Amino acid sequence: MCLSNQATTQYLEFSDNSFFSQLVGPGDINIASLENRFGVVISARGNHLSISGTEADVECAKNTLQYLYAQLSKGQKIDSSLLEEAVQIVSSAISFQQNEAYAPNGKISIATKRKIIFPRSINQGEYLAAMQSKDMIFGIGPAGTGKTYLAVAVGVSMLVAGKIDKIILTRPAVEAGEKLGFLPGDMREKVDPYLRPLYDAMHDMLPADQVERRLANGEIEVAPLAFMRGRTLSNAFVILDEAQNTTPVQMKMFLTRLGYNARMVITGDLSQIDLPFGIESGLKQAVRILKNVQDIAFIVFDEKDVVRHPIVSKIVAAYDKEIK
């Protein structure tokens, strides 16, 4: 629950009656759930809601209701999962606003064309803060912790704001041994299967037509890691995904491509290395060699940062316990 302070009442009005009825839920079940979560009293009258309680708790409940209403307008249905997501997002966002260590200049959210992205944990807050202040950031941890998703969000926001000229997405194609010439289609078609998670995140933040247009004009570039050799990456936001599957030579090659007004985000999970036996992970080596280099940020995630289905964090924790 959010921190409490002075008592207050706030009023909300919602223009769409159909969405409003879904917002409050059958028998006002959604309102009752939020009352229990935040310790407030919510009253419905017509298409208006009044929220009474302490200032911080009322702010949490108000922002949660507004978030849910926005999701309804995008075609989503409110269920227990979406309700929990809304509560976590809003509570985390307000918590970070109260702690400027995780929010340089008070900015703890990333605005994209389709949605606003909030951190949901302390590590995610540190990760967002690092991507706003550092030129090279390593995001290391298990699946579902937002490493790639948040990196794409920051890249899209910088591209839309005109702070960079392009986003470059790359990933080692371990399964194909980097020998993509044997696959059918042009280069984008060859590498697409390996970059699907990056595309999925991109489409979550930009309208589909904008993604295609920016791909066509080169503002968004996808390329296999091998094609980074010999380039200097300037005025760009560069994301290397699944970096645990790079070799030491590939990782050094990639890191030394950094040019002026560029930002590199390297993401990976050291528990899911798919390299042939006997070959050290380039990510693992980079962490060891660069951990004390100034101006490089290392953010390490764990099961508490998992934002997928709640059981995923339990799976991650169980596997980590077995490995240790």
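Computation of the quantities below employed the complete heavy-atom set of this structure, encompassing side-chain atoms and omitting hydrogens, waters and symmetry-equivalent molecules. As the structure is a prediction and not an experimental result, all values here were calculated from the model.
- The list of ring-ring contact (aromatic ring centres under 6.0 Å, His included) pairs with a residue in residues 245-282, not counting sequence neighbours, is empty.
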Report, one line per pair, each donor and acceptor closer than 3.5 Å where one atom sits in a side chain of residues 12-19; sequence neighbours left out.
unit_1 : atom_1 : unit_2 : atom_2 : d
Asp16  : OD1    : Ser18  : N      : 2.9
Asp16  : OD1    : Phe19  : N      : 2.9

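- Salt bridge annotation for Glu126-Lys134: absent, with no cationic side-chain nitrogen under 4.0 angstrom from a carboxylate oxygen.
- Sequence neighbours left out, the pairs with a member in residues 135-154 that pass salt bridge (Lys or Arg N to Asp or Glu O under 4.0 Å) are Asp135-Arg263.
- Taking the six-membered ring where the residue is Trp, the centroids of Phe20 and Tyr69 are separated by 6.0 Å or more.
- With salt bridges taken as basic N to acidic carboxylate O contacts below 4.0 Å, one links Glu242 and Arg171.
- In terms of the salt bridge (charged side-chain N to carboxylate O under 4.0 Å, His left out) criterion, Arg257 has no residue partners (sequence neighbours excluded).
- More than 12 heavy atoms of other shown residues, nucleotides or ligands fall within 6.0 angstrom of atom CZ in Arg288.
- Using a 4.0 Å cut-off between charged nitrogen and carboxylate oxygen, Lys62 and Glu55 do not count as a salt-bridge pair.
- Every residue meeting the side chain to side chain donor-acceptor pair (under 3.5 Å) condition with Asn235, not counting sequence neighbours, appears here in chain and number order: Asn261.
- Phe237 meets the ring-ring contact (aromatic ring centres under 6.0 Å, His included) test with no other residue; sequence neighbours excluded.
- Within 6.0 Å of atom CG in Leu290, more than 12 heavy atoms from other residues, nucleotides or ligands are found, so the atom counts as buried in its surroundings.
- A donor and an acceptor atom, one from each side chain of Ser33 and Asn30, are nowhere located under 3.5 Å apart.
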